[in-house]
Each structure stands twice: as C-alpha cells, then as structure tokens.
Engineer: 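So that we are looking at the same thing, I have put the structure below in structure tokens.
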Amino acid sequence: MYKQQFLVCLFSVVLLSSLAALVAAQGSRNNTSRWQTLKGDPPLVIARGGFSGMFPDSGQYAYQLAVSIGLPNVVVWCDVQLTKDGSGICFPDLRLENGSNIDDIFKNGSNAYPVNGVPMRGWFSVDFTFNDLEPVNLKQRIYSRAPNFDGTPQQILGVEDVVGLVKPPSLWLNVQHDAFFSQHNLSMRTFIISLSRRVIVNYISSPEVNFLRSIIARFRTSRTKLIFQFLAPDEVEPLTNQTYDSLLRNLTFIKTFASGILVPKYYIWPVDNSLYLQPHTSVVSDAHKAGLEVFASDFLNDDAHLPYNYSYDPVAEYLSYIDNRDFSVDGVLSDFPITPSEAIDCFSHVGKNGKEQVNLSVISFEGASGDYPGCTDRAYSKAISDGVDVLDCPVQMTNDGIAFCLGSINLRERTNVDETDFSNLATSNPDLNFDSGIYTYNLTWSQIHSTLRPAIYNPYANFSLYRNPIARNDGNFMQLSDFLDFARNASSVSGVLISIENAGYLAEKQGLGVTDAVLDALSKTGYNNQTAKNIMVKSSDSAVLRKFKSRSNYELVYLVKEDIRDITNSTISEIKKFASSVVITKESVFPLDKAFLTTQTDVVPKLQAFGLHVYVQLFRNEFVSQPWDFFSDPYVEINTHVSFMEINGVITDFPATAVKYKSKFIAVLFIYFLFHLCSVFS
C-alpha cells in the first residue's frame with residue numbers, strides 16, 4: 001500500500017502544475033462562441049468507470065481521481081450489474097473475471113449462460129451475493145495499461161458506495177444487459193427505480209428499447225435523462241429485431257422514450273481500413289433536429305488505432321467532435337477524463353493565432369517529422385504552418401562534400417536506400433556504433449537526391465504505432481544552404497538550429513569538414529549579416545562548439561546525450577566556457593522506474609542558475625513515449641516540464657502540439673491541490 005500512496009502522491013506533485021488549469025481555463029470563459037450542442041451548453045465529460053485509463057475500472061481510486069481533477073460538472077459513469085441477491089454493483093463487464101481477481105478467489109465459480117443468444121462462460125455476478133464479492137479485488141482489465149495498481153485493496157463497489165465515497169457531481173448509470181438479468185429472475189427496473197428514490201441519478205442509458213420503455217413513466221417528469229445506446233451498426237436490438245443502423249434512421253421513434261443517444265465515435269467520424277478519417281456523417285445534426293442530445297463513446301488516449309489525421313494527439317480528436325464549424329456533440333465518454341476536460345476548457349473556441357500564454361521556445365526535431373519524413377521540404381513546411389519557433393537541420397555530409405539535412409548519418413534509418421541498387425553497400429561501423437549501415441558519405445549528393453526517397457521514421461513500430469503511412473515517402477531532401485534560405489523566408493520562424501555530430505570522425509576518417517561546411521553555408525546565405533533570425537548551433541562535441549565560439553551572435557547549445565541525475569557546479573562552469581544553452585533528456589528532469597516517475601532532479605535549476613537556457617528533448621505524441629504519470633496525454637507531459645520545472649524550450653517532432661499548448665493552455669498553480677489529492681488516497 002505504501003507504493004500505492006507514494007505513486008499517487010507523486011502524481012499530485014506533477015499535477016500541481018498540470019491539472020489545476022482545468023479549474024478555470026479560457027475555453028469556458030469564451031462566451032462569444034456559442035457551443036453547437038443541442039442547448040448551447042459546453043459538452044459534458046463522462047468518466048467511464050472513473051479515471052479507468054489509469055486505475056482499475058469502477059474502483060474507488062478511479063472514481064476519486066476523475067472527480068478530483070475533472071471539470072466541476074464531470075459525470076461519473078457506472079456500468080450496473082446485479083448480484084444474486086439483487087444488489088447493484090458498478091463493474092465494466094458482465095463477466096467479473098474481466099476486471100477482477102474473482103477467478104483466483106472462487107476457482108470453481110464459473111458458469112455458462114446464453115447472453116443475447118450466444119453461449120458464454122465466465123464468472124457472472126448473478127452467481128454471487130454482494131457479500132460473496134467482499135474478498136474480490138479489482139484489477140486493470142486492459143492488459144496494455146499499467147498493472148501497478150493491481151493487488152491493492154480495491155473492492156467491487158455498490159452503486160450507493162460510489163455515491164457515498166466519491167460524491168460525484170453527476171451520476172450516469174449504464175444498463176447493458178437487462179434481458180440477461182431478467183432471465184435470472186432479477187429486475188434491473190426494480191433496482192433502478194428503488195435507487196432513484198435514494199440517490200440522484202442524472203442519466204440512465206441502455207441499448208435495449210424494452211428497458212428504457214419500462215422506466216420512462218418513472219422518470220418522465222424528473223431530472224433524470226434516458227439515453228438510448230447504439231451498439232455496432234449490424235448488431236440487432238432484441239425488442240424491435242432491427243439493426244442499430246436501421247434504428248439510427250428512425251430517430252423520431254427513439255425520441256418517444258429517450259432524450260438523447262449514445263453512439264460509438266465512428267458513427268460520427270467514420271474511419272477507413274487504412275485508419276484515415278472519412279467525411280463526417282449527419283448523425284449529430286439529424287439527432288439535434290429531432291431534439292435528441294448526442295453523446296459519443298470509445299475515447300481512449302492509449303488508442304493504438306487512432307486515425308492518423310490526429311497525429312496521435314488526443315486533444316485534436318476531441319476537438320473534431322466538439323469544436324468544428326458544423327456541430328458539437330453534447331458529451332464524450334472517456335477513460336481519460338482529464339484530456340476532454342482540457343479540450344473543452346482550454347483549447348476550444350480559440351483561434352490559431354491566439355496570444356501566447358507560456359514563454360516557451362518550440363524547436364522542431366527534423367521538422368514536423370511526426371507527420372512527414374524528417375528534414376524534407378514537407379516536414380519543414382508543416383512545422384512552419386504549425387507555428388514552430390525554431391527550425392532544425394541535423395547536418396550530414398555526402399561523398400562529394402555537400403552538407404544537407406538528414407536525421408541520421410545512416411541512410412537506412414531515414415531513406416529507402418535498401419530498396420535501391422545501393423543496398424549492397426551496407427557495412428558495419430564500430431566508430432559510429434552501427435552494426436550495419438549505408439552512410440551518407442558513401443554516396444554523392446546527386447545519387448542521394450536523384451535516386452533515394454526519404455522515409456518517415458517510425459520509432460514505435462514495435463508497438464504497431466506508425467506515422468502517417470500515406471506520406472511515408474513524401475517530400476524532397478534539402479541541402480543546408482536551401483534549408484537556410486527556406487527558413488529565412490519564413491517570417492514566423494524566429495531561428496534555426498544547426499545540429500552537428502560525428503565531426504571528428506568525418507574529418508579524420510572521411511576527410512570531410514562538416515563544421516567548415518556549416519560556417520560556409522551560413523556566410524553565403526547571409527546569416528552572418530542579419531539579426532532577424534537566431535542562429536543556434538548544437539553538438540555533443542565541445543570541440544565543435546569551441547570552433548564557433550568566435551561568432552558572438554551564435555547561440556551555442558551543448559547536447560547532453562546521457563540521462564543524468566545531477567550535475568556539479570564545476571561541470572556547469574566548464575560548459576559555460578563553450579556554450580550558452582544546454583539540451584538534456586526528459587529523464588534528466590524526471591527519472592523513471594518501469595515507466596513511472598520516481599522523483600525530479602535539480603539539473604534544470606542548477607543549469608539556469610549559471611545563466612544557461614535549458615531545452616528538453618524529445619517530446620512525442622505517441623502515448624508509449626510518455627510515463628504513465630502523464631496519463632497518455634502529451635499536454636500534461638509538456639505542462640509538467642514547463643510549469644513545474646520552468647524549462648526554456650521543448651524539442652519535438654510534433655510541433656503543432658507544443659505550439660497549441662503554449663498559445664492556449666492556461667497553467668494556474670494551486671498549492672492546496674497537492675495536499676487534497678494525497679489525502680484523497682491516504
């Protein structure tokens with residue numbers, strides 16, 4: 001239990017600067033932009049099983065975290081199941097082994113029953129009384145999520161336990177299998193109506209017409225709203241014997257027993273087999289015309305099948321449902337309620353050129369290389385349109401001495417060289433730490449430019465997370481001189497970052513002078529005679545930076561490749577002799593253990609105390625790149641580094657996310673938040 005409390009209290013330290021912004025952010029104060037919901041109110045955030053993206057679904061911790069960090073009107077979702085003695089419990093699945101350790105407690109407790117006509121075996125709530133379930137503990141039901149909170153005492157909760165323990169602002173009860181419980185002589189109708197006399201129930205949803213019709217008389221004049229839930233389009237609704245797709249075309253009928261509909265998100269934004277969005281449907285506008293609210297479900301920050309259009313940015317997905325020119329859903333059902341809260345309260349109804357809220361430099365990593373092959377004209381153009389501050393070029397050298405931009409000296413990592421006749425040039429290079437590579441210095445510029453195609457880099461292919469495959473080979477390589485001209489003509493770009501690595505090896509082993517090539521290109525493109533663009537030169541080699549030291553108008557940036565936990569004053573003083581800024585890794589700020597934060601270091605404040613700017617890399621949108629503590633949300637990760645550690649800049653291959661953050665996210669610090677969240681879980 002100590003480990004549990006430590007991790008949760010560590011969350012609160014991180015969230016001190018990251019989550020309090022949700023209490024009073026600019027989106028909800030923007031009264032000039034009317035929401036396109038049915039009644040013009042902001043969309044609701046519905047926390048599915050609480051904060052089930054982190055803690056076991058429907059457990060006390062999940063519910064308490066959702067209420068603690070959500071919007072003031074967050075809605076808590078409970079999937080209602082009935083026990084053998086008619087008690088109502090909150091549990092996400094009809095089979096209890098899918099989210100608890102009941103199969104370990106009652107090893108012989110499984111049974112087989114028909115569910116909607118399909119035989120199913122498992123541990124069902126109808127075979128156990130509420131008291132029987134007391135020794136059963138909840139566990140994470142999605143195996144790709146952190147299992148760290150399994151095994152901690154988290155009992156299955158009754159519906160009234162949730163209300164008593166958590167005191168949610170609003171309660172949503174979902175009744176998924178009324179017909180199944182009826183087959184076992186258990187009445188969901190009786191339970192719901194009895195409960196509603198003791199507890200305020202704000203929403204009741206079900207995919208079964210018969211159940212909603214059976215309770216409509218009780219709730220017709222109450223504040224409780226009945227919501228019809230749509231399942232997969234080809235599934236059949238039992239009473240009407242119609243598919244849900246056909247029922248969607250008869251919204252007038254739905255309106256006779258419900259005030260709203262809950263639909264999977266793909267009903268609204270269809271996705272093709274290649275994971276790209278199709279034009280949105282008319283579901284929302286049609287339902288609003290029929291007087292029905294529309295709630296969208298299935299939102300996950302850790303969705304490995306998120307359409308590529310969103311660039312793995314969960315906020316971008318939410319905004320497409322709540323802040324577009326055509327419609328807004330009335331609410332979203334999410335396992336990660338913090339993120340839709342941000343989308344609604346921080347990022348909605350704010351123009352692209354909003355005033356900056358945070359003093360932060362956004363530096364690209366090979367341009368917008370999360371969307372296009374890095375260091376191409378397409379990646380650089382996208383970074384500029386995203387609003388990047390500093391455009392970067394990692395300089396490589398060709399066989400004939402041409403400096404150009406590419407993210408690796410090994411062509412196999414950033415081009416399609418293996419698909420060409422040059423594939424037979426592969427060799428190992430211990431000096432560069434490559435077991436097998438085809439290197440930029442093996443080919444001339446003409447061979448690279450005319451024969452090879454750039455290839456998008458997929459750092460998380462082992463997780464089956466790929467970047468914009470339709471554009472996997474888009475764009476053209478750029479010589480350093482062309483890059484400098486390109487950046488100079490981009491008025492919104494404040495500077496360029498030239499990265500130089502392997503200079504000693506290239507000079508000694510290949511006879512190529514990369515530092516001289518960079519100095520020559522900067523001179524010939526007029527950068528030495530201007531002040532509009534900041535010139536940054538980055539290297540992990542102090543000898544490279546010393547060579548540029550005579551140029552007083554250059555910002556020299558020392559790259560610390562290793563993860564460090566501390567740094568001495570004498571080391572910083574030595575760095576000051578050849579650099580004015582430092583790039584460090586994220587783990588040098590927040591060290592990790594098994595993908596959880598363990599503490600924070602003093603590296604950033606120590607470096608800044610000596611007058612050094614501190615830039616941190618590498619910020620990526622893919623959820624597997626972020627520690628669990630940041631809830632698979634890139635904005636929480638960025639904000640924690642900026643508001644809590646006050647870093648000067650971020651280096652990212654998704655500059656749109658960082659730009660959106662700094663121009664639209666309001667970070668408000670509440671010291672009491674630390675103590676409040678720790679006390680909740682103590």
Side-chain angles (χ1 to χ4, degrees), residues 269 271-272 274-278 301-320 324 343 347 352 361-394 405-408 413-416 452-461 463-478 483 486-487 490 492-493 496-497 499 617-626 632-635 637-638 650-664:
W269 282 102
V271 181
D272 66 19
S274 300
L275 287 183
Y276 285 94
L277 292 176
Q278 300 300 292
N301 285 10
D302 53 358
D303 185 357
H305 299 99
L306 194 69
Y308 295 117
N309 309 68
Y310 299 127
S311 300
Y312 293 104
D313 178 353
V315 166
E317 181 184 31
Y318 286 109
L319 291 176
S320 72
N324 63 66
F347 296 110
K352 183 176 180 180
S361 291
V362 177
I363 304 169
S364 70
F365 181 77
E366 304 175 29
S369 56
D371 294 302
Y372 292 99
C375 300
T376 61
D377 53 347
R378 294 295 301 274
Y380 289 134
S381 294
K382 178 65 165 58
I384 292 171
S385 67
D386 289 340
V388 74
D389 297 310
V390 179
L391 211 58
D392 77 304
C393 170
C405 304
L406 195 69
S408 174
E413 294 188 342
R414 297 295 194 277
T415 76
N416 70 336
L452 306 188
R453 295 299 305 157
I456 202 165
Y457 180 53
N458 291 296
Y460 304 108
F463 293 96
S464 296
L465 297 176
Y466 299 96
R467 294 176 168 181
N468 198 12
I470 200 172
R472 64 173 63 91
N473 298 119
D474 282 8
N476 298 295
F477 301 114
M478 298 184 74
F483 164 82
F486 184 83
S492 62
V493 172
V496 294
L497 173 67
S499 298
Q617 68 177 25
L618 182 60
F619 289 88
R620 288 173 160 154
N621 284 0
E622 290 96 342
F623 63 90
V624 295
S625 71
Q626 300 140 17
S632 303
D633 185 324
Y635 296 90
E637 181 178 42
I638 293 173
V650 297
I651 299 176
T652 173
D653 37 16
F654 292 95
T657 300
V659 171
K660 189 188 301 180
Y661 160 77
K662 79 168 189 173
S663 63
K664 301 178 183 179

Engineer: When you check the gap from the basic side-chain N to the acidic O, do K662 and D389 get nearer than 4.0 Å?
Structural biologist: yes
Engineer: Check the side chains of D371 and S311 for a donor-acceptor pair under 3.5 angstrom, ignoring hydrogens and angles.
Structural biologist: yes
Engineer: What heavy-atom pair brings S632 and D302 nearest, and what distance separates the two atoms?
Structural biologist: OG-CB, 4.1 Å
Engineer: Quick check: do L452 and N416 have side-chain heavy atoms less than 4.5 Å from each other?
Structural biologist: yes
Engineer: Could you tell me whether a side-chain N or O of Y312 sits under 3.5 Å from a main-chain N or O of Y466, the two making a donor and an acceptor?
Structural biologist: yes
Engineer: Below 4.5 Å, heavy atoms only, C-beta onward: do R414 and F477 meet side chain to side chain?
Structural biologist: no
Engineer: With side-chain contact (heavy atoms from CB on, under 4.5 Å) as the test, would you mind laying out the steps for V271 and L277 before giving the verdict?
Structural biologist: CA-CA 5 Å; V271 181; L277 292 176; 4.0 Å; yes
Engineer: Would you say the side chain of T657 lies within less than 4.5 Å of the side chain of E637, judging by non-hydrogen atoms?
Structural biologist: no
Engineer: Please check: side-chain N/O of Q626 versus main-chain N/O of R620, any donor-acceptor pairing under 3.5 Å?
Structural biologist: yes
Engineer: Does R453 reach the main-chain N or O of G475 with its side chain, forming a donor-acceptor pair under 3.5 Å?
Structural biologist: yes
Engineer: Grab the two heavy atoms, one from I456 and one from G370, that are nearest each other, plus how far apart they are.
Structural biologist: CD1-O, 4.4 Å
Engineer: List the residues meeting disulfide (SG to SG under 2.5 Å) with C375, not counting sequence neighbours, and say none if there are none.
Structural biologist: none
Engineer: Decide yes or no on side-chain contact (heavy atoms from CB on, under 4.5 Å) for D653 and R467, but give the supporting numbers first.
Structural biologist: CA-CA 11 Å; D653 37 16; R467 294 176 168 181; 3.0 Å; yes
Engineer: So, does S364 use its side chain to make a donor-acceptor pair with the main chain of D392 at under 3.5 Å?
Structural biologist: yes
Engineer: Rounded to the nearest 0.5 Å, how far does OG1 of T376 lie from CD of E366?
Structural biologist: 10.0 Å
Engineer: Atom CG in L497, atom CG in L391: separation rounded to 0.5 Å?
Structural biologist: 9.5 Å
Engineer: Between N621 and D313, do the side chains contain an N or O donor and an N or O acceptor separated by less than 3.5 Å?
Structural biologist: no
Engineer: Please report the shortest heavy-atom distance between Y457 and E413, naming the atom on each side.
Structural biologist: CD1-O, 3.9 Å
Engineer: Shortest non-hydrogen contact from D386 to A368?
Structural biologist: OD2-CB, 4.0 Å
Engineer: I'd like to check the side chain to side chain contact (heavy atoms under 4.5 Å, CB included) partners of Y276; sequence neighbours left out, ordered by chain and number.
Structural biologist: D272, S274, Y308, N309, N468, P469, I470
Engineer: Is there a side-chain contact between P634 and Y661 in this structure, where contact means two heavy atoms from C-beta onward sitting under 4.5 Å apart?
Structural biologist: no
Engineer: Fit a plane to each ring of F347 and Y635, take the angle between them on a 0 to 90° scale, and name the class: parallel (under 30°), tilted (30 to 60°) or perpendicular (over 60°).
Structural biologist: tilted
Engineer: Distance from Y318 atom OH to N301 atom CG, nearest 0.5 Å?
Structural biologist: 5.5 Å
Engineer: For a quick test of reading the model, state the closest non-hydrogen atom pair linking G387 to V659 and the distance between them.
Structural biologist: O-CG2, 3.4 Å
Engineer: Mind checking whether S625 and Y460 have side chains closer than 4.5 Å, heavy atoms only?
Structural biologist: yes
Engineer: Please determine, by modelled atom types, if S320 and Y310 share a side-chain donor-acceptor pair under 3.5 angstrom.
Structural biologist: yes
Engineer: Give me the atom names and distance for the closest heavy-atom approach of P373 to D474.
Structural biologist: CG-O, 3.3 Å
Engineer: Could you tell me whether the side chain of S381 reaches within less than 4.5 Å of the side chain of Y372, counting heavy atoms only?
Structural biologist: no
Engineer: Please answer whether the main-chain N or O of D377 pairs with a side-chain N or O of N476 as donor and acceptor at a distance below 3.5 Å.
Structural biologist: no
Engineer: Suppose we screen for ring pair (Phe, Tyr, Trp, His ring centres under 6.0 Å). Which residues come up paired with F623, at least two apart in sequence or across chains?
Structural biologist: none
Engineer: Pair Y380, C405 - check side-chain contact (heavy atoms from CB on, under 4.5 Å), show working.
Structural biologist: CA-CA 11 Å; Y380 289 134; C405 304; 3.6 Å; yes
